[in-house]
Each structure stands twice: as structure tokens, then as C-alpha cells.
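Okay, so here's the structure we're looking at.
Hydrogens, waters and symmetry mates are skipped; everything else that's a heavy atom, side chains included, is used.
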Amino acid sequence: IVMFHFPPVLPSDLNSELIKSVIASDVDLCLYGHLHGLGFKNLVEGKVESLEKSTELKCVSGDFLKFKPLSL
């Protein structure tokens, strides 16, 4: 599991070097937050794949989760 404060990828750049590095490192789950309100339009969740590997992305911003804990 890896955690970022900011999203490691945006919908407009699903091939960023950062997300490719996360996937290449065999990270199973990537958690991130920081998105609030209108920022949810930049949300990327689910499996992101690169070179036959994948990482699951989850936004854990409190207001996105309606302040309900996410069970991992």
C-alpha cells in the first residue's frame, strides 16, 4: 500500500511517470486524498494498468467518503 496526499494521476494524464512508477513497483493499493468539492472531477479510482501490471486507486478524502471510514 502506498499513500499520497495529492492524486498520483489525473484523468487527463493516465500515463504519468509517477503512476507508471507506482505500478512498476508492484503496489497493490494506492490511497490518496486532497480532492474536495469541484476537485472530484479529477478523481481516478479503480485499476490503472501498465505493462500487464495494475494498481488499485482509491480516493480517501474525508468529504468524498462523507466522513465514513473506508475499510481496507
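Ile19 places none of its side-chain heavy atoms less than 4.5 Å from the side chain of Val44. Here the side chains of Glu45 and Phe64 are in contact, with some heavy-atom distance below 4.5 Å. Annotation: side chain of Cys30 is not in contact with side chain of Lys58 (no heavy-atom distance under 4.5 Å). Contact check for Val27 versus Leu29: no side-chain heavy atoms found under the 4.5 Å cut-off. For the pair Phe4 and Val2, the minimum side-chain heavy-atom distance is below 4.5 Å. Counting heavy atoms from C-beta outward, Thr55 and Val48 have side chains that stay 4.5 Å or more apart. With a 4.5 Å cut-off on side-chain heavy atoms, Ile1 and Leu31 count as touching.
Aromatic ring centres of Phe6 and Tyr32: separated by at least 6.0 Å.
For Leu70, the CG atom counts as densely surrounded, since its 6.0 Å shell holds more than 12 non-hydrogen atoms of other residues, nucleotides or ligands.
In terms of heavy atoms, Pro11 sits closest to Leu43 at CG-O, 4.0 Å. Heavy atoms only, all atoms of each residue included: Leu57 and Pro8 are closest at CD2-CG, 4.2 Å. The minimum heavy-atom distance linking Cys59 with Leu65 is given by the pair O-CD2, 3.9 Å.
Each of Leu10 and Met3 belongs to its own hydrophobic cluster when Ile, Leu, Val, Met, Phe, Trp and Tyr are linked at side-chain heavy-atom distances under 4.5 angstrom. Using a 4.5 Å cut-off between side-chain heavy atoms of Ile, Leu, Val, Met, Phe, Trp and Tyr, with links allowed through other members, Leu14 and Leu51 fall into different hydrophobic clusters.
Judged by distance alone, the side chain of Ser21 and the main-chain N or O of Glu17 form no donor-acceptor pair under 3.5 Å.
Here His36 contributes atom NE2 and Ser61 contributes atom OG; the two are 4.5 Å apart, rounded to the nearest 0.5 Å. Taking CG from Asp28 and CD1 from Ile23, the interatomic distance works out to 12.0 Å, rounded to the nearest 0.5 Å. In this structure, CG on Asn42 lies 6.5 Å from CG on Leu35, to the nearest 0.5 angstrom. Atom NZ of Lys47 is separated from atom OG of Ser54 by 4.0 Å, given to the nearest 0.5 angstrom.
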